[in-house]
Engineer: 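A single structure is presented below for examination.
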Amino acid sequence: MNIEANKIAGAALSTLLVVMSLNMVAGIVFAPKKPAVPGFDLPSAEPAAGASAAAAPVADEPIAVRLAKADPAKGEKAVGACKACHTFEKGGANKIGPHLFDVYGRAEGAVAGFNYSAAMKGRNDKNWDAEALDSFLKNPKAYVPGTIMAYAGMSRPDTRADVVAYLNTLADAPKPLPTP
Ligand code: HEC
């Protein structure tokens, strides 16, 4: 009985010994090389710079530059998607959104009788100039956080300029647009 127990204990011990020595040998063979200076070697600065330039979004041309080549007729075609919510003609009613006749140069959130969001109501010190309209149409929720205008945005910079130019025609006396 005792001898059997000793055999088992011996077997267990020698297994442990084998595992430990294997571990030591592996440690020697696969010893990690520690660099003199900790850190990563970048392949070179050039590909990194190229990669970040490719990843960074290209900035839109200033709205004044785009307006110089904008076409109000194209803008009129581009506002089809807005007509579910807005009227554009003089004396037009408010729908889901406020009427947009005379919107260029108008104070933001200023149509009487339209129930704007709190976010838009809080902005009536700002005017819908070319830059404001361009930013709002690009991404309404970024320009007016909390707006209730359920429109994702118009991504094409030139189309937005066409729309701004068109909106400016919706007035008894269109205002001068900014020039580059
Ligand atoms: C789904 C409905 C909807 C669509 C589509 C929509 N709008 Fe609006 N729009 C609104 C609402 C609602 C408001 C008021 C937002 C608020 O109070 O936050 C608004 C506000 C505006 C304002 C601010 C007006 C003011 O008096 O301050 C402008 C400018 C505008 N929209 C332009 C557009 C244009 C241009 C398009 C198409 C490219 C468009 N909207 C598409 C619903 C819409």
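Treat the numbers as computed from the prediction; the structure is a model and nothing was measured. Indexing begins at 1, ligand by ligand and atom by atom, following the structure's order.
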Engineer: Is Asp71 reaching over with its side chain to a backbone N or O of Ala73, donor-acceptor style, under 3.5 angstrom?
Structural biologist: yes

Engineer: Identify whether the distance between the nearest side-chain nitrogen and carboxylate oxygen of Lys74 and Asp158 falls below 4.0 Å.
Structural biologist: no

Engineer: Salt-bridge test for Glu61 and Lys69: reply yes if a basic N is under 4.0 Å from a carboxylate O, no otherwise.
Structural biologist: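 A salt bridge is present here (some side-chain N lies under 4.0 Å from a carboxylate O).
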
Engineer: Would you please classify the geometry between the Phe136 ring and the Tyr143 ring as parallel, tilted or perpendicular, with 30° and 60° separating the classes?
Structural biologist: perpendicular

Engineer: Between CZ of Arg160 and CD1 of Ile63, what distance do you get to the nearest 0.5 Å?
Structural biologist: 7.0 Å

Engineer: For the pair Asp162 and Arg66, find out whether any cationic side-chain nitrogen is under 4.0 Å from an anionic carboxylate oxygen.
Structural biologist: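 A salt bridge is absent here (no side-chain N lies under 4.0 Å from a carboxylate O).
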
Engineer: In order of chain and number, which residues sit within 4.0 Å of ligand 1 by heavy atom?
Structural biologist: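 Ala81, Cys82, Cys85, His86, Ile96, Gly97, Pro98, Leu100, Val103, Arg106, Glu108, Gly109, Phe114, Tyr116, Ser117, Met120, Trp128, Leu133, Phe136, Leu137, Thr147, Ile148, Met149, Ala150, Tyr151, Met154.
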
